Amino acid sequence: MKEQPLISFIIHYIVGRLQPKLEAFDKEAEKRLSAAGAEDKSAIAQQLAGERRELEKKYEIRTWLTDAAARAGQISLVTHAVKYFHGDAKGSSVYSTVKTPECAYLSTATLHSPVLDAVGNSAALDVAKLLQTEHEGDSLLASLRRGDGSALAALAENDAQFEQWVSGFMLALSDKSLSTHQLAKQLFFPVSGMGNYHLISPLYSSSLAHALHLRINDSRYSEESVAARKARREKVWSPDEVTIFPDIAVQNVGGTKPQNISYLNSVRGGKSYLLRCAPPQWQQSLKPPAGQKTFFSSFSPETGRVVADLRRYLYSVSERESTMEIRQKRAEYVDDLIGLVFNHAAEIQGLTELRGWSQKPECILKTAHQLWLDPMRQDTDPDFKRLREGGDWIIEVAEDFSHWLNTHLNKNGKITLGAVEFREWSVLMRRRLREFDAVQQETWQ
């Protein structure tokens, strides 16, 4: 790669880091000056000017690179990260360089150019981004790995500073002593009858997860894919293929702070796609609930067991004062129950060969439940589509669920649940149903 583009990228990256800092500083400075009295404004303005100069000095190219090189040791660039299994795991993450492109199995080793993840101090992730961001087909990390430090050499004041930068940034790639942790996954594999064993610690491949994430997102959201899907829905020819990944699950890692797990986890918003690994279903015995008035008229034995467990739990705490622990446990039971309901609903919605089944005269299912369970009818029924997009059916389905659940929980007369619980179940169901419907919409498109 030519030297100048990478130098230009480094300069623009650092300037780009400074600009929002200056904007925030200027905004705060304006507030301080507005609030100051006339006699203090001159002194405060002078103080603020000094503080702004200090901020600008921190982001001078050489000063910032020296600081970044010093912080690079706080992160590790890896392919496999330990925190995906538990956010507090302190064991080693691994940078794997194994390559087996001819392997018949999908793994990190089969990736032509795996994207490296960064783990460690989340406050130093700006260093990881500097190293990893590609600019015109190259990156600072790639150049340093092949022994080309010309971009840094051109920016350094002298050879000593250049060597300091290179050695500092390379710490992000250096091998650290391997260790596991009690919160990491561990397998003790016996190797002899004398009590010897290998300690195997499986690690999550963030690089593979990211490659899958990019591939699936491209198949869903790229301009070509969107156009191809539209052509497929409208039954017109398209030069582009439609790629579908059926029955994808989404795993959320890191909660509200995905950056605490890793850099790539933050880029993905904490979401990782999971491909369906279940065996194929060769026979389809599932039928739509056209002969029922509501979807909640019949459910699997597993659903009944969860309802029974919840009833027993509520009875066991009925004499106790309500606490956060009790409310959370109760919500977990209801959440599990809603998950089972959605699993069954997704199966009904997946009866593509029976689309429009709710239009038949013999269907007695409530309209709101038809709108939920026969979504592909909207492709041929404009009135149905208008009602479904209105969203009022979600409220009715949620209230029917609440009524059904309260009825079953009050069944043996040991506990009595009323309007308060009804509202709680309804609110929870409405929120989950909106999320569920949004995910399913992508499958139907």
Side-chain angles (χ1 to χ4, degrees), residues 78-87 89 93-94 96 98-112 114-115 117 183-187 189 200-221 225 229 241-255 258 261-262 264-265 267-286 299-303 305-306 335-353 432 435-445:
V78 300
T79 54
H80 298 69
V82 69
K83 284 183 176 286
Y84 282 91
F85 293 133
H86 197 290
S93 297
V94 172
S96 175
V98 177
K99 294 290 182 184
T100 53
E102 304 302 323
C103 180
Y105 299 99
L106 177 63
S107 69
T108 310
T110 62
L111 298 178
H112 174 68
V115 178
D117 203 348
L183 296 178
K185 287 192 174 182
Q186 301 179 46
L187 301 174
F189 191 86
I200 302 174
S201 183
L203 293 175
Y204 184 90
S205 176
S206 184
S207 295
L208 182 58
H210 200 68
L212 181 63
H213 182 87
L214 295 176
R215 178 75 175 272
I216 292 176
N217 276 1
D218 181 75
S219 73
R220 287 180 168 182
Y221 309 120
S225 297
R229 286 172 183 268
E241 294 182 345
V242 174
T243 303
I244 298 174
F245 295 84
D247 300 327
I248 287 178
V250 178
Q251 181 184 29
N252 289 283
V253 184
I261 303 300
S262 75
L264 288 185
N265 189 59
V267 170
R268 296 189 294 266
K271 296 181 179 180
S272 293
Y273 293 122
L274 302 178
L275 299 179
R276 178 177 170 85
C277 297
Q281 296 178 348
W282 299 107
Q283 295 181 345
Q284 179 59 267
S285 60
L286 188 66
F299 274 113
S300 65
E302 185 178 1
T303 303
R305 284 193 293 271
V306 175
D335 202 51
D336 290 343
L337 185 60
I338 292 175
L340 293 173
V341 171
F342 285 174
N343 287 342
H344 188 38
E347 291 176 340
I348 300 296
Q349 291 176 338
L351 297 173
T352 55
E353 70 280 3
R432 288 289 307 277
E435 294 172 355
F436 171 81
D437 193 59
V439 173
Q440 291 296 93
Q441 288 280 5
E442 295 184 358
T443 304
W444 307 323
Q445 292 176 358

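Here the structure is a predicted model, which is why all the values come from computation and not from measurement.
With values rounded to the nearest 0.5 angstrom, T79 atom OG1 is found 8.5 Å from L203 atom CG. The CD atom of E302 lies 12.5 Å from the NE2 atom of H344; values are rounded to the nearest 0.5 Å. In this structure, the separation between CZ on F342 and CG on D437 is 9.0 Å, given to the nearest 0.5 Å. Interatomic distance, R220 CZ to I244 CD1, rounded to the nearest 0.5 Å: 10.5 Å.
By the 4.5 Å heavy-atom criterion applied to side chains, S262 and K83 are not counted as neighbours. Looking at V267 and H210, their side chains come closer than 4.5 Å, going by heavy atoms from C-beta outward. Residues V78 and D117 are in side-chain contact: their nearest non-hydrogen atoms beyond the backbone lie under 4.5 Å apart. With a 4.5 Å cut-off on side-chain heavy atoms, L212 and L275 count as touching.
Annotation for I216 and I248: closest pair CD1-CD1, 3.7 Å, computed over non-hydrogen atoms. Among all heavy-atom pairs drawn from Y84 and S206, the shortest one is OH-OG, 2.9 Å. Between P202 and K185, the shortest heavy-atom contact is CD-O, 3.6 Å. Of all heavy-atom pairs spanning S207 and L111, the tightest one is O-CD1, 3.9 Å. V306 and L340 make their closest contact through CG2-CD1, 3.6 Å (heavy atoms, listed as atom of the first residue, atom of the second, distance). Minimum heavy-atom separation, T110 to T100: CG2-O, 3.6 Å.
The aromatic rings of F85 and Y204 sit perpendicular, their planes meeting at an angle over 60°, well past the 30° parallel limit.
The environment of Q251 atom CD is dense: over 12 non-hydrogen atoms of other residues, nucleotides or ligands sit within 6.0 angstrom.
Legend: residues meeting salt bridge (Lys or Arg N to Asp or Glu O under 4.0 Å) with D335, ordered by chain and number and at least two apart, are R432.
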